[in-house]
Amino acid sequence: MTLLQIMPDHAPDEVLLRTDDEHRIAEALRDCGVAFRRWDLRTTLTGTESSEDLLALYRSEVDDLCTREGLRVVDVAQLRPEPGPEWEEKARQARSTFLAEHRHAEDEVRFFVHGTGCFYLHVEGTVYAVVCTAGDLLSVPAGTPHWFDMGSRPQFAAIRFFREEDGWVGDFTGDTIAARFPDLDALLAADA
């Protein structure tokens with residue numbers, strides 16, 4: 001389920017808004033300069049598809065977005081559970097990579113094809129936790145402080161869009177704010 005939870009940056013337990021209504025989500029994010037919309041899902045995915053298969057499935061949308069927004073580099077980031085302790089270590093390392101607040105020199109544009117991940121946007125004294133699921137397209141403006149959580153058992157595939165090859169490289173702020181906010185697992189457990 002796509003979800004938005006808004007909290008003051010000084011009070012992570014205070015919820016200003018929590019909604020799964022995509023129109024309210026888009027409106028709230030638009031107010032802070034973030035674009036959110038949904039693409040129609042082509043088919044139900046198993047999570048075992050290759051990057052090439054996922055890109056082929058959404059080729060027309062990918063090409064259209066690249067043309068309209070001047071994006072030149074497209075790839076797929078995906079993680080799915082695998083048997084064995086090697087995967088657990090790989091998942092832990094992948095999760096920890098972007099759990100600290102950072103920003104990028106260009107817009108961060110992601111389309112979730114499968115699974116779940118959460119972007120935490122730190123904008124003007126407020127944290128917007130955006131739980132993205134299959135069909136969600138999120139565009140975070142360059143320079144926006146944020147962090148990303150893929151959960152304790154990552155399972156997602158997202159098409160990533162860039163203008164330059166190094167567009168994904170994060171500039172970490174050094175702020176420990178992410179440690180004070182509920183992680184993806186806690187956000188989802190609140191509805192259970």
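Heavy-atom basis, side chains included; hydrogens, waters and symmetry copies ignored.
For Glu124, the CD atom counts as loosely surrounded, since its 6.0 Å shell holds 12 or fewer non-hydrogen atoms of other residues, nucleotides or ligands. Around the CG atom of Asp40, the shell of radius 6.0 Å holds no more than 12 heavy atoms that belong to other residues, nucleotides or ligands.
Between the side chain of Asp149 and the main chain of Leu184, a donor-acceptor pair closer than 3.5 Å is present.
Going from atom OH of Tyr58 over to atom CG of Leu137 covers 11.5 Å, rounded to the nearest 0.5 Å. Taken from CD1 in Ile25 to CD1 in Ile6, the straight-line distance is 9.5 Å, to the nearest 0.5 Å. Rounded to the nearest 0.5 Å, atoms CG (Leu187) and OG1 (Thr116) are 11.5 Å apart.
In this pair, Phe119 and His146 present their aromatic rings tilted. The plane angle is within the 30 to 60° band. The aromatic rings of Phe98 and His102 sit tilted relative to each other, their planes meeting at an angle between 30° and 60°.
A salt bridge does not link Arg24 with Glu27: every distance from a Lys NZ or Arg NE/NH1/NH2 to an Asp or Glu carboxylate oxygen is 4.0 Å or more. Salt-bridge annotation for Arg103 and Glu108: absent, with no side-chain N of the basic residue lying under 4.0 Å from a carboxylate O of the acidic one.
One side chain, Thr2 or Thr133, offers a donor N or O that lies under 3.5 Å from an acceptor on the other.
No close placement of the Tyr120 and Phe181 rings is indicated, their centers lying 6.0 Å or farther apart.
Looking only at side-chain heavy atoms (C-beta outward), Val74 and Cys66 come within less than 4.5 Å of each other.
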(Q) Applying side chain to side chain donor-acceptor pair (under 3.5 Å) to Gln78 and Arg80, what does each step give before you reach the verdict? (A) CA-CA 7 Å; Gln78 63 180 326; Arg80 56 183 166 244; 3.2 Å; yes
Q. Given Arg37 and Glu22, is the salt bridge (Lys or Arg N to Asp or Glu O under 4.0 Å) satisfied, shown in steps?
A. CA-CA 8 Å; Arg37 61 183 179 262; Glu22 69 182 74; over 6 Å; no
